[in-house]
2 protein chains.
Amino acid sequence: MAASTLTEVARLAGVSPATASRVLNGSARTPGPDIAERVRKAADSLGYIPNAQAQGLAKSSSGLIGLIVHDIADPYFSAIARGVQTAARHQNKMVLLATTAGSPADERAAVAAFAARRADSIVIAGSRSARTTDQQGNAELAAELDRYCRNGGQVGVVGHAVVGAEADEGYHVVEVPNEELAAELARELAASHAGQFVIIAGPEGLLTSDDRVRGFQRGLADAGLSPADVLHTGFDRTGGYEAGVELAARIGTPNGSGGAGTEAAAPPRLCIFAVNDVMAIGATAALRSKGLRVPRDAAIAGFDDIETLRDFRPALSTVHLPLEEIGRLAVPAGSGHAAAGAVGVTGEVTLRRSTEPGGEAAS
Amino acid sequence: MAASTLTEVARLAGVSPATASRVLNGSARTPGPDIAERVRKAADSLGYIPNAQAQGLAKSSSGLIGLIVHDIADPYFSAIARGVQTAARHQNKMVLLATTAGSPADERAAVAAFAARRADSIVIAGSRSARTTDQQGNAELAAELDRYCRNGGQVGVVGHAVVGAEADEGYHVVEVPNEELAAELARELAASHAGQFVIIAGPEGLLTSDDRVRGFQRGLADAGLSPADVLHTGFDRTGGYEAGVELAARIGTPNGSGGAGTEAAAPPRLCIFAVNDVMAIGATAALRSKGLRVPRDAAIAGFDDIETLRDFRPALSTVHLPLEEIGRLAVPAGSGHAAAGAVGVTGEVTLRRSTEPGGEAAS
DNA sequence: AAGCAGCGGGAATGCGCTTTCCCGTTCTGC
DNA sequence: GCAGAACGGGAAAGCGCATTCCCGCTGCTT
């Protein structure tokens with residue numbers, strides 16, 4: 001028993017398909033109430049479900065929003081995805097998901113797939129990469145996006161404009177002030193920390209990471225401090241952990257435990273900035289596994305303010321980002337002319353226990 | 001400049017649309033190599049992207065997999081979503097996302113929308129509800145699903161068969177042994193805990209929650225203990241927090257802090273089972289906010305083993321569930337006959353610090 | 001009373017693609 | 001050497017729907 005079609009409904013109702021179509025979708029022309037009723041009843045009794053593909057073909061629009069993320073299980077992306085989903089619902093559209101692990105080639109493929117499905121708009125949430133190995137991929141991605149836009153598609157990008165895209169029409173970006181916020185974080189930390197600063201960064205060339213690093217260094221400079229060491233590693237928990245292991249070695253044996261050959265005087269406490277929360281958590285875990293304690297033996301701060309991590313102890317100092325709102329803003333307005341351009345969001349430096357200056361004293 | 005069509009490609013290549021179609025999609029009949037080359041070149045130069053809607057319409061299949069979750073930002077669901085996404089990729093299909101907050105009405109609507117898009121299969125990940133207020137909604141959902149299956153759709157359900165669905169063809173469920181695992185958890189905990197047991201459960205009628213509660217009680221009974229108190233609350237962090245506040249009051253002032261009117265002898269330590277990790281975290285936060293410490297003043301265990309929470313301290317005792325695998329298994333096999341039936345996964349009780357018996361003694 | 005606007009309904013066309021059917025050609029087998 | 005098979009290509013018929021155009025009708029104007 002195949003799904004019933006509009007024609008069947010029309011036949012059952014004793015009207016033409018045209019009329020049936022008119023009553024079942026709010027067309028401009030509304031047939032008489034009696035007929036409408038008949039059609040609706042027929043549709044109901046047949047369990048009629050319009051074929052969205054056919055509708056899309058005829059109207060050339062699909063009610064689809066494409067969403068591209070690196071990894072949907074990453075809390076950063078899933079928070080954004082929630083926002084996108086919310087916005088989609090308001091436009092009553094559905095969201096098509098693609099995960100790409102950040103590979104420009106995969107992203108290009110995803111854009112093409114979305115274009116093939118005639119998605120009304122595309123949201124790209126992942127951080128862009130500027131590595132030379134990705135250069136070609138980025139160019140192709142940009143070309144694909146441009147073509148999509150030229151064909152009337154709308155695209156919203158989180159964070160950074162896609163490298164090399166010629167923002168025609170219908171191309172807008174949600175600007176996240178990563179650099180400014182990181183600078184602010186650095187300044188606030190600098191005010192209360194005497195020790196050295198270290199940055200745990202993502203792979204070089206990952207724009208979001210680079211921005212945050214740059215901002216943090218600038219903030220340090222603003223405070224009259226010299227630049228922090230930068231450790232490049234994976235942009236995830238594992239990366240943070242590995243960097244944490246290295247830093248633990250650098251910090252040395254914690255005071256109080258009877259290590260051999262420890263210096264007599266405690267060195268000034270290290271202050272670690274991990275470019276995202278998940279990395280910060282990983283680093284903290286590594287430190288802990290080496291017998292070090294946060295914030296006693298090292299202060300640590302992250303970025304993003306991931307909700308799931310909010311109950312983590314010591315409470316993680318971080319920069320709050322309105323992730324869900326970012327997701328909402330990233331989806332292009334359904335109706336109306338394409339508002340090309342950029343909207344901004346603001347974050348907030350949120351200092352918590354993990355960078356408490358009193359850390360040295362506390363248990 | 002509208003997207004170019006197959007016909008344009010064909011014209012440019014000097015062949016018929018039929019031939020062009022045959023070369024651009026692996027049809028059974030492959031045209032001659034010279035012609036194929038010509039067509040491919042034409043397609044390339046035009047930047048041809050096939051219109052998936054039209055293809056779908058013609059082939060009546062869409063390459064879409066519908067995924068229904070309560071909330072994509074919930075780490076439980078996003079982990080499953082990752083698995084689904086992986087499986088989809090292997091079938092090279094795309095996933096369509098719908099979030100419903102667990103409302104059967106919304107789920108029904110989502111299924112209808114998926115059906116309208118002619119999704120090849122649907123995965124329902126959220127826990128089913130058996131509340132009487134949802135009864136009608138559930139029935140409608142079941143009916144919608146049945147219809148979808150009858151029309152050749154495949155559906156995969158995580159956890160529980162949809163109440164009232166008549167498993168025709170193409171309906172399969174990934175069985176999660178919630179009850180057994182909860183029982184096992186209870187038995188293991190019972191072996192080392194002298195104090196009372198309390199369960200923080202989700203809303204009554206939420207099947208996953210009910211199963212876990214039932215299993216835990218059974219495990220307690222197996223160990224010769226009387227049933228635990230059950231607190232029903234929200235199935236999320238907030239619910240856990242609220243329950244935690246109440247339990248904190250029940251536990252009373254922690255030993256050592258100078259509360260007035262504390263009993264002289266420490267009462268046996270409470271052992272709390274929250275039916276999922278996120279709730280357990282919420283409860284822990286509540287306890288902590290009341291000055292209580294885990295596991296010293298209360299032991300606590302969760303369920304799911306959410307990855308993002310793995311660095312939480314005290315490390316949360318829980319039941320590990322292979323969430324990603326569950327997601328993968330939930331998506332119906334793309335090709336081949338619909339393997340109706342059920343596949344099972346196994347979890348593993350994972351005891352960690354939060355229920356350590358030595359908790360009373362440790363700092 | 002005749003003419004015209006306006007409306008409710010149907011016939012027909014096309015969206016872009018797949019696929020069946022058909023036809024002309026070349027290759028095979030006896 | 002010729003019948004028939006096998007093959008390579010094109011014409012055309014949909015897939016299910018929206019929509020334009022058209023037609024007969026009612027109700028109004030002058």
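What's counted below: heavy atoms across the whole structure, side chains too, no hydrogens, waters or symmetry copies. Residue numbers begin at 1 in each chain, while the letters A, B, ... track the order of the sequences.
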Exercise. By a strict heavy-atom criterion of less than 4.0 Å, which residues belonging to residues 9-22 of chain B are in contact with DNA chain D?
Worked result: B:Val15, B:Ser16, B:Ala18, B:Thr19, B:Arg22

Problem set entry | Pairs flagged by ring-ring contact (aromatic ring centres under 6.0 Å, His included) wherever residues 86-114 of chain A is involved - sequence neighbours left out | none

Problem set entry | Separation of C:dG8 P from A:Ile35 CD1 (nearest whole Å) | 10 Å

Exercise. What is the minimum heavy-atom distance between B:Val15 and B:Ala20, and which atoms define it?
Worked result: CG2-N, 4.2 Å

Seminar exercise, completed: Between CG of A:Asn25 and P of D:dC17 the distance, given in whole Å, is 9 Å

Exercise. By ring pair (Phe, Tyr, Trp, His ring centres under 6.0 Å), which residues pair with A:Tyr76, not counting sequence neighbours?
Worked result: none

Exercise. Could you state the CD-P distance from A:Glu8 to D:dG16, rounded to the nearest angstrom?
Worked result: 8 Å

Exercise. Reckon B:Asn51 has a side-chain N or O less than 4.0 Å from the OP1 or OP2 of C:dC15?
Worked result: no

Can you give each donor-acceptor pair under 3.5 Å made by side-chain atoms of residues 47-55 of chain A, sequence neighbours left out, with the distance rounded to 0.1 Å?
unit_1, atom_1, unit_2, atom_2, d
A:Asn51, OD1, A:Gln53, N, 2.8
A:Asn51, OD1, A:Ala54, N, 3.2

Problem set entry | Distance in angstrom units between B:Gln53 CD and C:dC17 C1', rounded | 12 Å

Problem set entry | A:Asp134 and A:Arg131 ion-paired at < 4.0 Å | yes

Seminar exercise, completed: Looking only at C:dG9, C:dT19, C:dG16, the nucleotide nearest the B:Lys59 side chain is C:dT19

Exercise. Hey, does A:Ser60 reach any base, or is it just sugar-phosphate, or nothing, if we go heavy atoms under 4.0 Å?
Worked result: nothing

Exercise. Hey, are B:Glu8 and B:Arg11 close enough for a salt bridge, meaning a charged N less than 4.0 Å from a carboxylate O?
Worked result: no

Exercise. Please give, in whole Å, the distance from C:dC17 P to A:Arg118 CZ?
Worked result: 7 Å

For this session: Identify the two heavy atoms, one from B:Thr99 and one from B:His70, that lie closest to each other, and give their separation to 0.1 Å.
Result: CB-O, 3.8 Å

Exercise. Is the phosphate of D:dA18, meaning OP1 or OP2, less than 4.0 Å from a side-chain N or O of A:Gln55?
Worked result: yes

For this session: Please state how far atom CG in B:Asp34 lies from atom C1' in D:dG8, giving the value in whole angstrom units.
Result: 10 Å

Seminar exercise, completed: To the nearest angstrom, the CG-P distance between A:Leu24 and D:dA18 comes to 8 Å

For this session: Identify the heavy atoms of A:Ala130 and A:Leu207 that sit nearest to each other, and give their distance.
Result: CB-CD1, 3.4 Å

For this session: Provide the full list of salt bridge (Lys or Arg N to Asp or Glu O under 4.0 Å) pairs with a residue in residues 80-89 of chain B, sequence neighbours left out, each pair given once.
Result: A:Asp71-B:Arg82, A:Asp106-B:Arg89, B:Arg82-B:Glu324

Exercise. Using a cut-off of 4.0 Å on non-hydrogen atoms, how would the nucleic acid contact of A:Leu6 be classed: base, sugar-phosphate, or nothing?
Worked result: sugar-phosphate

Seminar exercise, completed: Axis-to-axis angle for the helix from C:dA1-D:dT30 to C:dC30-D:dG1, ends of five pairs each, to 10°, equals 40°

